[in-house]
2 protein chains.
Amino acid sequence: MISLAEENYLKNIYKLSEKNSGAVTTSSLADALQINAASVTDFVKKMAEKKMVTYQKSKGAMLTEAGKKIALKIIRKHRLWEVWLVNTLNFKWDEVHDIAEQLEHVNSDMLIERLDNHLGNPTADPHGDLIPDAKGKFIKDRSKPLLKCIAKQKVKFIGVAEHSNSFLQFLTKNNLKIGDELFIERIEAYDQSFHLKINKKTKKVFSKEVVKNILIVLA
Amino acid sequence: MISLAEENYLKNIYKLSEKNSGAVTTSSLADALQINAASVTDFVKKMAEKKMVTYQKSKGAMLTEAGKKIALKIIRKHRLWEVWLVNTLNFKWDEVHDIAEQLEHVNSDMLIERLDNHLGNPTADPHGDLIPDAKGKFIKDRSKPLLKCIAKQKVKFIGVAEHSNSFLQFLTKNNLKIGDELFIERIEAYDQSFHLKINKKTKKVFSKEVVKNILIVLA
DNA sequence: AAATAAAATTAGGTCAGCCTAATTTTATAC
DNA sequence: GTATAAAATTAGGCTGACCTAATTTTATTT
């Protein structure tokens, strides 16, 4: 059996190792979990004994294959529940995270596979994050930050790199939704702000900070 | 905040006091929760301090209004989730209990009210158990055990008084479902077995043990 | 390379929620 | 109404998952 705490550790180790590959440091984990670093050291050692992670003193933790499998399952569940909450119960994309954080720990393979089917086997959640399949495989991710694009490109908004409610609400307020077509009219050289035309209609300007968190594919 | 343990205690105290009204004994709670009686005594005292229950030494526990409210909310959630599992994900009625036991602890008023609406505000779960509304009120229950009926009555199967998988599977195997019309052709005086005609077609005989756990309303 | 700062670890402690064993209280039988 | 059985409680302990404070290790600066 895997405890709630273990599930949260595994999930966060996975997410942190996704960003900065290599071992996940004690402090970054402590920060992500909002738990004291001393507690993290302790817990990670126990997880190493259970072969969920490998741990090297003062270097950090890395998921084993077994640990990664569990982490991916939790992420799969979280994102499937988010799809359900938004598509079926009409929650907004900035309202679903806390609920999905609870639902992701519900343990039933049958449930999750039926939910997946019921939702039509979605490959991405409402924020554009990819959903691993039952075997833990993702579809190939072709997205990149809008910031990496050049002027005059036509792209499609498919996800966000920042999941804070404030950012999601900012996008909503600016009427920017996943699926929107964006045309880059101009990039201001001085501050890298992007002058966009949205869905061939509205013109808007967004700062570098915003643009780096908008994920797109070329259209 | 209410812990998982507290929620389970409250739910079980409610259910036990429903059956045998009056204070819930330590041993019955211990039995229901599969927890040592000494632990129950301890825990119930702490809950009394928090005003979730009243507790009298060696007599047992009773829910306060506050405790009852929490218990009813958990029962509401459990039963709504069961409806969802059966109606939307096509689970069978003997498969949903363990999953609903987990889902009932997910905490979000918005979620539960939206789920309720999405399901069409059901008043009973797949076993015929009534679902309290958001205020904790039940619709009036007019059901009684089939065993209390007399010969030649026409009744409708609306619920079960026993929720074990073996009983549910027994009914399924005998093709008996909620909503079925039952006509009591004869009651065997010797052993009180019931000779039924189901939906005006199939004839079947059921023992007293079965019949006392079938809840019906007069048709 | 020594000094300092930051990160990680060790040692010792707390609290929730359980346990067993021993004792006390309540109920039941003779 | 005393003996016995059953139920409940008390006392003391354990484990998981956290904490703080002190120490050690690693990284950074000069």
Side-chain angles (χ1 to χ4, degrees), chain A residues 1-14 16-17 19-63 67 70-71 74 101-102 104-105 107, chain B residues 1-13 15-17 19-63 67 70-71 74 101-102 104-105 107:
Chain A
M1 267 297 84
I2 298 145
S3 74
L4 182 62
E6 283 166 343
E7 291 197 347
N8 282 326
Y9 271 85
L10 290 171
K11 180 181 67 171
N12 280 285
I13 294 169
Y14 180 89
L16 289 168
S17 62
K19 300 255 160 178
N20 319 338
S21 62
V24 171
T25 63
T26 301
S27 52
S28 64
L29 239 189
D31 186 59
L33 290 162
Q34 294 283 81
I35 283 174
N36 187 285
S39 311
V40 172
T41 300
D42 239 54
F43 203 94
V44 161
K45 279 193 208 166
K46 287 183 196 159
M47 291 177 77
E49 278 167 27
K50 296 185 189 171
K51 312 281 185 202
M52 292 173 176
V53 299
T54 56
Y55 168 67
Q56 283 190 65
K57 209 159 150 171
S58 290
K59 291 198 71 183
M62 282 180 72
L63 293 179
I70 298 165
I74 296 162
E101 290 266 287
Q102 298 181 64
E104 74 190 5
H105 300 291
N107 176 28
Chain B
M1 267 296 84
I2 298 146
S3 72
L4 182 62
E6 284 166 343
E7 290 197 346
N8 282 326
Y9 271 84
L10 290 171
K11 179 181 67 172
N12 280 284
I13 293 168
K15 287 194 174 179
L16 289 168
S17 63
K19 301 255 160 180
N20 319 336
S21 61
V24 172
T25 63
T26 301
S27 52
S28 64
L29 238 189
D31 186 59
L33 290 162
Q34 294 282 81
I35 283 172
N36 188 285
S39 310
V40 171
T41 300
D42 238 55
F43 203 94
V44 162
K45 279 194 209 165
K46 286 183 197 159
M47 291 176 78
E49 278 167 27
K50 295 185 189 170
K51 310 282 185 203
M52 293 174 175
V53 300
T54 57
Y55 168 68
Q56 284 191 66
K57 210 159 149 171
S58 291
K59 291 199 71 186
M62 283 181 72
L63 293 179
I70 298 166
I74 297 162
E101 290 266 289
Q102 297 181 65
E104 73 190 6
H105 300 291
N107 176 29

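Every chain is numbered from 1, with letters handed out A, B, ... down the list of sequences.
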Inset, instruction - Could you tell me which non-hydrogen atom of Glu101(A) sits nearest to which non-hydrogen atom of Lys11(A), and how far apart they are? - result: OE2-NZ, 2.8 Å
Inset, instruction - Specify the closest pair of heavy atoms between Leu63(B) and Ala71(B), including all atoms of both residues, with the distance to one decimal. - result: CD1-CB, 4.1 Å
Legend entry - Ser28(A) (side chain) donor-acceptor with Val24(A) (main chain) under 3.5 angstrom: no
Inset, instruction - Would you kindly give the CG-to-P distance between Asp31(B) and dA7(D), to the nearest whole Å? - result: 10 Å
Polar atoms only, N or O, under 3.5 Å: list the protein pairs with nucleotides 20-24 of chain D and their distances.
from    : atom 1 : to       : atom 2 : distance (Å)
dT20(D) : OP2    : Asn36(A) : ND2    : 3.0

Legend entry - Minimum-distance pair of heavy atoms, taken over all atoms of Gln102(B) and Asn107(A): OE1-N, 2.6 Å
Legend entry - Integer-rounded Å distance: dA17(D) C1' and Ile35(A) CD1: 8 Å
Inset, instruction - Please tell me which of the listed nucleotides, dT10(C), dT10(D), dC18(C), lies nearest to the side chain of Thr41(B)? - result: dT10(D)
Inset, instruction - Evaluate side chain to side chain contact (heavy atoms under 4.5 Å, CB included) for Thr26(B) paired with Val44(B), printing each intermediate quantity in order. - result: CA-CA 9 Å; Thr26(B) 301; Val44(B) 162; over 6 Å; no
Inset, instruction - Tell me whether the OP1 or OP2 atom of dA6(D) has a side-chain N or O from Ser27(B) closer than 4.0 Å. - result: no
Legend entry - Atom-to-atom span, CD of Glu6(A) to C1' of dA17(D) - whole angstrom: 11 Å
Legend entry - Strand-adjacent residues in residues 44-61 of chain A, judged by heavy atoms under 4.0 Å from DNA chain D: Ser58(A)
Legend entry - Atom of Ala32(B), atom of Asn12(B) and distance for their closest heavy-atom approach: CB-OD1, 3.8 Å
Inset, instruction - Name the closest nucleotide to the Thr25(A) side chain, picking from dG17(C), dT10(D), dA8(C). - result: dA8(C)
Legend entry - Separation of dG17(C) C1' from Glu7(B) CD (nearest whole Å): 15 Å
Inset, instruction - Could you tell me the separation between the CG atom of Leu33(B) and the P atom of dC19(C), rounded to a whole number of Å? - result: 10 Å
Legend entry - The single option from Val53(B), Val40(B), Ile2(B), Ile70(B) passing side-chain contact (heavy atoms from CB on, under 4.5 Å) against Tyr9(B): Val40(B)
Legend entry - Atom-to-atom span, CZ of Phe43(A) to P of dT15(D) - whole angstrom: 16 Å
Inset, instruction - Locate the shortest heavy-atom distance separating Lys59(B) from Ala23(B); write the atom from each residue and the value. - result: O-CB, 3.8 Å
Inset, instruction - Round to the nearest Å and state the distance from Asp42(B) atom CG to dT20(C) atom P. - result: 14 Å
Legend entry - Closest non-hydrogen atom pair, Gly22(B) against Ser17(B): O-CB, 4.0 Å
